[in-house]
Amino acid sequence: MKRIDCHCHIYPEAIAARAVAGTGKFYDLPLVYGGTLSDLISVHDGVKISGGVIFSVATTPRQAESINRFIAETAAESGGRFIGLGTVHPDSETIEEDIENIIALGLRGVKLHPDIQKFRVDAPKCLKIYELCEGRLPVLLHAGDHRYDFSNPRRLSSVLSVFPSLTVIGAHFGGWSVWEEAVALLTSYKNFYVDTSSSLYALSPERATEIIRAYGKERVLFATDYPMWRMDEELARFDSLALTEEEKACILYKNAERLFGCRIGD
């Protein structure tokens with residue numbers, strides 16, 4: 001069955017090692033892979049993942065333009081194997097121009113990381129981003145972290161209520177390390193999708209299956225959070241779930257291609 005990895009961080013060769021080390025320090029975890037495109041392709045080939053969604057995050061407003069250009073060029077050169085998401089920083093003074101540039105570059109959505117970019121998802125300064133993306137671009141949000149309150153499911157619920165036509169993908173089943181709160185607050189929003197990244201390692205197969213069915217098979221995307229976890233282990237965890245073949249097909253590739261509006265990978 002076709003597999004699409006919907007959550008892959010990549011960096012230019014010159015800065016990849018430093019960026020991966022910084023992420024590992026932020027989460028106090030030893031990251032497994034190198035964070036470059038060539039490494040990602042090698043790892044995907046090894047576990048028969050045929051395509052993916054790539055992105056990076058701007059930690060300052062001035063970084064966004066170069067990151068978006070790098071991701072767009074990388075996706076375009078992949079021959080359809082990867083699609084890219086753009087980044088924007090909420091402190092930018094040119095939010096409208098930033099979003100238009102993301103669209104002009106052919107990027108398929110916007111990736112935000114509230115905890116690393118240090119903003120509350122429901123902060124007034126973010127509303128313009130959501131307004132500009134609503135009905136045009138899906139927004140992939142890092143969601144949840146028991147250490148911070150930037151992307152708590154309660155805050156995310158407020159955004160989903162105010163922007164019912166905004167397609168939001170909540171990474172990590174909608175709430176890393178606060179999965180139960182996310183399930184309690186977010187499953188009823190039909191414009192809200194989740195991905196499986198950085199979650200299956202912490203949940204029993206039974207509970208992960210229950211969470212998937214709480215959101216519904218058509219609103220869950222398979223994702224590994226490259227370069228964080230061993231992909232063979234992530235796939236083994238997913239394969240251990242008591243899902244039907246139709247549920248697996250939706251999660252592994254059908255939902256991603258429908259949501260992003262294009263074929264991804266072979």
Which donor-acceptor pairs under 3.5 Å do side chains of residues 40-50 form with protein atoms, sequence neighbours excluded?
residue: His44; atom: NE2; partner: Asp5; partner atom: OD2; Å: 3.1
residue: Asp45; atom: OD1; partner: Arg81; partner atom: NH1; Å: 3.2
residue: Asp45; atom: OD1; partner: Arg81; partner atom: NH2; Å: 2.7
residue: Ser50; atom: OG; partner: Arg3; partner atom: O; Å: 3.2

Problem set entry | salt_bridge(Glu233, Arg237) N-O dist < 4.0 Å | yes
Exercise. Is it true that Glu180 and Arg207 have a side-chain N and a carboxylate O under 4.0 angstrom from each other?
Worked result: yes
[Y] backbone acceptor or donor facing [X] side chain under 3.5 Å:
X      : Y      : value
Asn68  : Gly86  : no
Tyr11  : Leu37  : no
Tyr226 : Gly35  : yes
Thr36  : Asp39  : yes
Gln117 : Val88  : yes
Ser161 : Ser157 : yes
Glu257 : Ile264 : yes
Tyr215 : Ser188 : no
Arg219 : Val194 : no
Glu131 : Leu127 : no

Exercise. Which is it for Arg155 and Asp149 under the salt bridge (Lys or Arg N to Asp or Glu O under 4.0 Å) test, yes or no, and what are the steps along the way?
Worked result: CA-CA 8 Å; Arg155 294 192 182 279; Asp149 189 36; 2.8 Å; yes
Exercise. Tell me the side-chain hydrogen bond (donor to acceptor under 3.5 Å, both in side chains) pairs involving residues 167-177, sequence neighbours left out?
Worked result: His142-His172, His146-Ser177, His172-Ser197, Trp176-Tyr201
Exercise. Please walk me through it: do Arg154 and Glu181 pass salt bridge (Lys or Arg N to Asp or Glu O under 4.0 Å)?
Worked result: CA-CA 8 Å; Arg154 170 177 43 83; Glu181 185 178 354; 5.1 Å; no
Between [X] and [Y], is any pair of side-chain heavy atoms under 4.5 Å apart?
X      : Y      : result
Ile83  : Ile54  : no
Ile211 : Leu203 : yes
Glu134 : Pro164 : yes
Ser56  : Phe70  : no
Ile102 : Leu85  : no

Problem set entry | Working for side chain to side chain contact (heavy atoms under 4.5 Å, CB included), residues Phe173 and Ile212 | CA-CA 8 Å; Phe173 278 140; Ile212 287 170; 3.8 Å; yes
How many angstroms lie between [atom1] in [X] and [atom2] in [Y], if you round to the nearest 0.5 Å?
X      : Y      : atom1 : atom2 : value
Ile10  : Ile71  : CD1   : CD1   : 4.5 Å
Phe163 : Cys126 : CZ    : SG    : 10.0 Å
Ile116 : Phe150 : CD1   : CZ    : 11.0 Å
Ser151 : Leu141 : OG    : CG    : 7.5 Å
Tyr33  : Thr224 : OH    : OG1   : 8.0 Å

Problem set entry | Any donor-acceptor N or O pair under 3.5 Å, side chains Arg258, Asn255 |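 Note: Arg258 and Asn255 side chains meet the donor-acceptor criterion.
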Exercise. If you measure only the distance, is there a donor-acceptor pair under 3.5 Å linking the side chains of Trp229 and Ser198?
Worked result: yes
Around atom [atom1] of [X], are there more than 12 heavy atoms of other residues, nucleotides or ligands at under 6.0 Å?
X      : atom1 : result
Glu93  : CD    : no
Arg147 : CZ    : yes
Glu65  : CD    : no

Identify the two heavy atoms, one from [X] and one from [Y], that lie closest to each other, and give their separation to 0.1 Å.
X      : Y      : value
Cys133 : Val110 : SG-CG2, 3.9 Å
Thr209 : Ala242 : OG1-N, 3.6 Å
Ala143 : Gly174 : CB-O, 3.3 Å
Ser92  : Asp98  : OG-OD2, 2.6 Å
Leu137 : Ile99  : CD1-CG2, 4.1 Å
Leu241 : Ala208 : CD2-CB, 3.8 Å

Exercise. For Phe222 and Phe238, what are the C-alpha separation, side-chain angles and deciding distance, and is it a ring pair (Phe, Tyr, Trp, His ring centres under 6.0 Å)?
Worked result: CA-CA 8 Å; Phe222 175 75; Phe238 181 79; 5.4 Å; yes
Give a yes or no on whether [X] and [Y] share a hydrophobic cluster (residues Ile, Leu, Val, Met, Phe, Trp, Tyr; joining criterion: side-chain heavy atoms under 4.5 Å apart).
X      : Y      : answer
Leu235 : Tyr253 : yes
Met228 : Val57  : no
Ile169 : Val178 : no

For this session: List the steps, then state whether salt bridge (Lys or Arg N to Asp or Glu O under 4.0 Å) holds for Glu247 with Arg213.
Result: CA-CA 9 Å; Glu247 286 173 322; Arg213 289 178 174 158; 2.9 Å; yes
For this session: Evaluate the criterion side chain to side chain contact (heavy atoms under 4.5 Å, CB included) for residue pair Leu166 and Val139; output intermediate values, then yes/no.
Result: CA-CA 8 Å; Leu166 174 69; Val139 176; 4.0 Å; yes
Exercise. Step by step, would you call Lys254 with Lys2 a side chain to side chain contact (heavy atoms under 4.5 Å, CB included)?
Worked result: CA-CA 9 Å; Lys254 288 184 178 181; Lys2 184 175 180 177; over 6 Å; no
[X]: side chain to side chain donor-acceptor pair (under 3.5 Å) partners, not counting sequence neighbours:
X     : answer
Thr60 : none
Thr74 : none
His9  : His7, Asp225

For this session: Using the test salt bridge (Lys or Arg N to Asp or Glu O under 4.0 Å), find all partners of Lys125 that sit at least two apart in sequence or belong to another chain.
Result: Asp91
Exercise. Given Thr196 and Leu221, is the side chain to side chain contact (heavy atoms under 4.5 Å, CB included) satisfied, shown in steps?
Worked result: CA-CA 6 Å; Thr196 66; Leu221 308 171; over 6 Å; no
